[in-house]
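The structure under discussion appears below in the form of structure tokens.
Please read all numbers here as calculations on a predicted model, not as lab measurements.
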Amino acid sequence: KMHFVDALPKNPRTGKDWNGWHYILAVDLGFNDNCSYTVWACHWNVPDSYCVMSFKPPSGQDFTETSKVIKKLKSDFPFSKIVVDGANKQGVEEMKKRLGLPELESAEKKGKATYLRLLSDEVISGKAKFLKGSTAPLEEEWKSLQWKDSDKEEEDPRCQNHCSDSALYGWRETFALRADEEFKPPKETDEGYEKYLEDKDVQSALEELDQSEEIYGTSETDYFEVG
């Protein structure tokens, strides 16, 4: 079940917006298929990650049009990172060198099935939240998306997964940003202490999964429950 909110949370002590949100843009490239764009927000003092928007324009977008969409989103959000599906290396290099987006990075795609299960756990537990009204295309995909077979290593190719892919790319980066950020570990009495412990546990689990070829999980249900 996806957990929806009206806006990003405010600082409970001041009642004002938090300063220092990290925004991540993730792009899944397509031409015959849809491109998709998903924006995530995370903050060290906030216990959850927030999917701010997810959308997919009609198919047929070329790299120039994709670059224009990215630049428009850059004018709306102070992105800490922009990651793009790097399967088309030539196209990504064209956007970086010729179309004025040198900051683009290739999205991490290793261990997709494992990370989908981890994201599913975060969605179901409410640790990944979604802004109402701006993430509907992602919700629609997750309502029908399912595994190809009982091995649960690949998605069913008959299902749309464009917003799902860009959402996964961006969600993975929320952990990397927190891990890279220099900070003094909070004290047990500090507001962010429980979040600090949670992120340490999750990061350790992700590192262990990256080093293992074992894929766990035996549930026979689809990997996302939306309702």
Side-chain angles (χ1 to χ4, degrees), residues 2 4 22-42 49-77 79-96 99 101 103-113 115-120 122-123 128-148 154-177 222-224 226:
M2 295 171 71
F4 291 96
H22 287 299
Y23 290 93
I24 303 109
L25 170 62
V27 183
D28 184 49
L29 297 175
F31 185 78
N32 294 326
D33 294 325
N34 304 80
C35 288
S36 70
Y37 306 82
T38 300
V39 176
W40 284 91
C42 61
S49 297
Y50 291 81
C51 186
V52 177
M53 68 168 57
S54 186
F55 65 95
K56 50 184 178 183
S59 59
Q61 268 198 340
D62 60 23
F63 293 118
T64 299
E65 293 167 329
T66 300
S67 297
K68 288 180 180 178
V69 174
I70 294 173
K71 290 175 182 177
K72 173 61 171 66
L73 290 169
K74 283 178 61 179
S75 70
D76 296 331
F77 299 96
F79 291 119
S80 301
K81 202 166 194 178
I82 303 175
V83 295
V84 180
D85 173 13
N88 190 324
K89 294 182 180 180
Q90 183 178 0
V92 174
E93 287 303 311
E94 179 182 354
M95 288 192 290
K96 290 171 66 174
L99 297 174
L101 294 168
E103 69 271 42
L104 298 186
E105 300 181 35
S106 292
E108 178 59 60
K109 301 175 74 171
K110 178 182 176 183
K112 181 179 180 180
Y115 281 92
L116 276 170
R117 293 189 184 96
L118 290 170
L119 174 54
S120 176
E122 295 266 300
V123 171
K129 291 183 170 62
F130 302 84
L131 264 63
K132 292 179 182 177
S134 58
T135 55
L138 175 61
E139 181 185 8
E140 287 303 310
E141 284 190 1
W142 280 352
K143 283 180 178 178
S144 60
L145 197 53
Q146 60 188 11
W147 295 114
K148 178 181 178 181
E154 297 179 27
E155 298 147 298
D156 190 326
R158 298 171 296 178
C159 300
Q160 294 274 318
N161 68 344
H162 313 301
C163 287
S164 180
D165 278 353
S166 61
L168 179 65
Y169 301 153
W171 174 79
R172 290 178 70 155
E173 293 298 330
T174 63
F175 293 106
L177 278 173
D222 294 346
Y223 56 72
F224 282 104
V226 179

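- With a 6.0 Å radius and a threshold of 12 heavy atoms from other residues, nucleotides or ligands, Lys68 has its NZ atom at or below the threshold.
- Every residue two or more places apart in sequence or in another chain that forms a side-chain hydrogen bond (donor to acceptor under 3.5 Å, both in side chains) with Lys74 is listed here: Glu103.
- By the salt bridge (Lys or Arg N to Asp or Glu O under 4.0 Å) test, Lys109 is found to be paired with Asp85, residues two or more places apart in sequence or in another chain being considered.
- For the residue pair Val52 and Ala41, the shortest heavy atom distance occurs at CG2-CB, 3.8 Å.
- At least one side-chain heavy atom of Gln61 sits under 4.5 Å from a side-chain heavy atom of Val69.
- Of all the heavy atoms in Thr174 and Ser49, the pair that sits closest is OG1-OG, 3.7 Å.
- When the ring-ring contact (aromatic ring centres under 6.0 Å, His included) test is applied to Tyr37, the partners found at least two apart in sequence or on another chain are Phe55.
- Shown here are the side-chain hydrogen bond (donor to acceptor under 3.5 Å, both in side chains) partners of Glu122, two or more places apart in sequence or in another chain: there are none.
- Two residues are said to be in side-chain contact when any heavy atoms from C-beta on lie closer than 4.5 Å; Tyr169 and Thr38 fail this criterion.
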(message) Between Lys71 and Leu101, does the side chain to side chain contact (heavy atoms under 4.5 Å, CB included) criterion hold? Intermediate values first, please.
(response) CA-CA 8 Å; Lys71 290 175 182 177; Leu101 294 168; 3.9 Å; yes

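- In this structure Asp28 satisfies the salt bridge (Lys or Arg N to Asp or Glu O under 4.0 Å) test with no other residue, sequence neighbours excluded.
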(request) Could you walk me through whether Lys56 and Asp33 pass the salt bridge (Lys or Arg N to Asp or Glu O under 4.0 Å) test, one step at a time? (result) CA-CA 10 Å; Lys56 50 184 178 183; Asp33 294 325; over 6 Å; no

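- Using cut-offs of 30° and 60° on the angle between ring planes, the pair Phe77 and Tyr23 is tilted.
- Residues satisfying the side-chain hydrogen bond (donor to acceptor under 3.5 Å, both in side chains) test with Glu94, not counting sequence neighbours, are Arg98.
- When atom types are taken as modelled, the side chain of Glu65 and the backbone of Asp62 share a donor-acceptor pair closer than 3.5 angstrom.
- Remark: the backbone N or O of Leu116 is not paired with any side-chain donor or acceptor of Ser120 at under 3.5 angstrom.
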